[in-house]
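So the structure is just underneath, and the comments pick up after that.
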Amino acid sequence: MTKDEVVAALEEIGTLLQFKGENDFRVRAYTAGARALAGFDGDFKARVAAEHFDDIRGIGEALQLKIITLATTGRLDYLDELRASVPPGLVDMLRLPSIGPKKVKALHDELKIDTIAQLKAACEAGTVADLKGFGKKTQDKILEGIALLDSFGKRVRFDQAYPLGMALVEQIRLLPGVEMVELCGSLRRRRETAKDLDILVASDDAGPIMDAFVALPEVVTVIGHGPTKSSIVAKLGVGTDAITLNADLRVVTAAQFPFAQMYFTGSKEHNIRLRQRAIELGLSLNEYGLGDDAITAKCKTEADIYLALGMDYVPPELREDTGEVEAALAKKLPKLIERGELRGVFHNHTTASDGTATLEVMAQKCLALGWEYFGVADHSQSLKMAGGLSPERVREQWAEVDALNKKLQGFRILKGTESDILLDGSLDYDDEMLAGFDYVVASVHTHFNLPEAEQTARVCKALRHPATTMLGHATGRLLLRRPGYKIDLDEVLRTAAEHGKFIEINAQPSRLDLEWTYVKRAKALGVKLVINPDAHSPDDLELTPYGIAVARRGWLTSADVLNTRGLDEILKVLGR
Ligand code: DGT
Ligand code: CA
Ligand code: CA
Ligand code: ZN
């Protein structure tokens, strides 16, 4: 097992123990141990080999043994026994906000509830409200939570679906007779979430490929097994989660491949527009060709097909029928920002607040990524839970930055802060201190439940503050887990445009606070954006491609994004 998987196993033990009614002390031994291991930055494999973990605070001898057993054998009798003794539906219920292991245990013990479906029925019958420690309010919250889970359906985040898709694709690529293979559908368009995997292969001999596909190790169920099309349910451990998704595989000939690739990449709406365009030209477009053998034969790539339709090539991220067809016909598509174009980042944390690495380690990682600057933006003083910096500690950090900047040639650490937006919309330090920062990221971390008008006024007031450079976390959403706070984003964007403030594309794949549709609107209003990893560790600094994907879906060019600028230009923009 990897470190992440061991951490997940320890957390699971803690949860299962709570279901069993174990005392808090024993539960905490596992949850605290899991956290301690998660925060361990050293060489996990070497530690496993040396059988040595008990020097880490929170990990004792007994836990050390379990960690080593999990890491080396991939399982643990103790965990297997716990799992067998707890109904699986109870773990499912934990996905509901507002309900923890203790409440789940009470529901199980008192009302014999073992599944979300039973819980929903009991809430609707009103019996949950009568349970000690619950009440009508909690019952309503639970129902709301169930409705929310339903509305998310079975979609999976891009960063979790893509590794599963690529695990399948890489194995298919090695099969005899496979000439080309591509992961199409919403994943190729880089949507934030995916419903299923659409895999396309070019080959003259589909049969053996179908047989091998339904026998891959990730397959848990075979839904269909046909001559050129098969469907499976696949499962893969990604980080600490087990990801399950349907996957369709289709095999076409090499000549058909670009047409099928275009068709199965979608979106459906984009396809419909292309088909109409083909009809206008007297052609008929489908997943096999253009209805004219000579023209079809000339199309070796998707770009050739667009050319045959009199259009520029449309990058997959833009294929949503939001104006790209017209722009491609007029040869006016933007030249989208590319991964390699970022030259630094602004919203990042260090050990000074809730990050896991020091200023120097974070800066060195940015250097290694080829960037010219690292903006440190630790939390501000009122966010005590996350180690927010008092004015005194800010000054200490500034001194540390100055000392490091003397050492680092051709690279600069920029002094920033992620200032909390207080309830009344003001920032979290006095004006004198604010003026000492190179830049300020203003973010909402508290009072998520304000009415929309109040939340909008609060954020807009913070944006108007002369010290504010950019808005962090535009919505506070957690993808597929928590909706964003209620806010009029159009009003926020107008305010940003009026006062020349930047809006963040938060690149954390579990957040992606700003939807691509708003990115597009921001651009139309003349607002510039900034792609930030919101890094809490050196590894997090590599999350920017998820932000780039959102930027591309929002039609951004490098000129629309602040952090494609080099250091000299950045200093000018920031007035330093
Ligand atoms: P998803 O799976 O919900 O994340 O999104 P997609 O876009 O991957 O949708 P999916 O898997 O249902 O279909 C894959 C592609 O197949 C889709 O993007 C376009 C194409 N497609 C599916 N159904 C139709 C259809 O009825 N008409 C046309 N023109 N294309 C379709
Ligand atoms: Ca799909
Ligand atoms: Ca599909
Ligand atoms: Zn942050």
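Numbering starts at 1 and runs along the sequence shown. Note that ligands are numbered from 1 as they come in the structure, with each ligand's atoms numbered from 1 the same way.
The Zn ion (ligand 4) lies at the vertex of an angle of 170° between the OE1 atom of Glu418 and the OD1 atom of Asp534 (rounded to 10°). Angle subtended at the Zn ion (ligand 4) by His349 NE2 and His347 NE2: 110°, rounded to 10 degrees.
The closest side-chain donor-acceptor pair between Asp539 and Ser537, if any, does not fall under 3.5 angstrom. Between the side chains of Glu418 and Ser443, a donor-acceptor pair is found at a separation under 3.5 Å. At a cut-off of 3.5 Å, with distance as the only test, a side-chain donor of His473 or Asp534 sits close to an acceptor on the other residue.
The closest side-chain heavy-atom distance from Met470 to Leu562 is below 4.5 Å.
By the ring-ring contact (aromatic ring centres under 6.0 Å, His included) test, Phe264 pairs with no residue at all, sequence neighbours left out.
Under a 4.0 Å N-O distance rule, the pair Arg190/Glu317 does not qualify as a salt bridge.
Excluding water, every protein N/O/S atom under 3.0 Å from the Ca ion (ligand 2) is given here by residue and atom: Asp196 OD1, Asp198 OD2.
Counting only distance, with no hydrogens or angles, the side chain of Gln455 and the backbone of His447 share a donor-acceptor pair below 3.5 Å.
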